[in-house]
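Presented below is the structure to which this report refers.
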Amino acid sequence: MSKIIFGGTFDPIHNGHIRIAEYASNKLGASVIFVPAKNPRWKTPTETSNQRLDMLKIALKGVSFKFEICEFELNSN
């Protein structure tokens with residue numbers, strides 16, 4: 001199965017993010033991997049990276065689409 005990487009601050013994650021991911025997944029027949037940014041270049045998040053990750057996990061819980069979360073960037077130095 002193909003994969004789509006969807007990066008962003010997700011501060012906060014919202015329905016627009018979910019709808020875009022669902023649309024892309026349907027159109028391309030691919031799973032979507034959400035990659036929250038650790039230190040966004042163009043934006044200063046209001047929440048910590050751990051808080052944003054928690055929000056992302058809650059938002060994707062119970063979603064019927066093939067979504068994953070990659071914590072690689074958050075765990076990098």
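Keep in mind that this is a model prediction, so the values were computed, not measured. All residue numbers refer to positions in the sequence shown, counting from 1. Excluded from the calculations below are hydrogen atoms, water molecules and symmetry mates; all remaining heavy atoms, backbone and side chain alike, are included.
Every pair tested for ring pair (Phe, Tyr, Trp, His ring centres under 6.0 Å) that includes a residue from residues 36-61 fails, sequence neighbours excluded, so the list is empty. Applying the side chain to side chain donor-acceptor pair (under 3.5 Å) definition to pairs two or more places apart or across chains, none involves residues 18-40.
Residues forming a salt bridge (charged side-chain N to carboxylate O under 4.0 Å, His left out) with Glu68 (at least two apart in sequence, or on another chain): Lys3. Annotation: side chain to side chain contact (heavy atoms under 4.5 Å, CB included) contacts of Thr48 (sequence neighbours excluded): Asn50, Gln51. Applying the salt bridge (charged side-chain N to carboxylate O under 4.0 Å, His left out) rule to Lys66 yields no partners; only residues at least two apart in sequence or on another chain are considered. Residues passing the side-chain hydrogen bond (donor to acceptor under 3.5 Å, both in side chains) test with Thr46 are Asp11, sequence neighbours excluded. Residues forming a side-chain hydrogen bond (donor to acceptor under 3.5 Å, both in side chains) with Thr9 (at least two apart in sequence, or on another chain): Lys43. Annotation: side chain to side chain contact (heavy atoms under 4.5 Å, CB included) contacts of Glu71 (sequence neighbours excluded): Leu53, Lys57, Ile69, Asn75. Applying the side chain to side chain contact (heavy atoms under 4.5 Å, CB included) test to Ala24 and every residue at least two apart in sequence or in another chain returns Ile4. Checked against side-chain hydrogen bond (donor to acceptor under 3.5 Å, both in side chains), Ser76 has no partners two or more places apart in sequence or in another chain.
Ala59 approaches Ile13 most closely through the heavy-atom pair CB-CG2, 3.5 Å. Closest non-hydrogen pair, Pro36 versus Leu56, comes out as CG-CD2, 3.9 Å. Contact detail for His17 and Phe6: the closest heavy-atom pair is O-CE2, 3.4 Å.
Phe34 and Ile58 fall into different hydrophobic clusters, where Ile, Leu, Val, Met, Phe, Trp and Tyr side chains are chained together by heavy-atom contacts under 4.5 Å.
Through direct or relayed side-chain contacts under 4.5 Å between Ile, Leu, Val, Met, Phe, Trp and Tyr, Ile5 connects to Ile33, Val35.
The structure places CD of Glu47 at 10.5 Å from CG of Asp54, a figure rounded to the nearest 0.5 Å.
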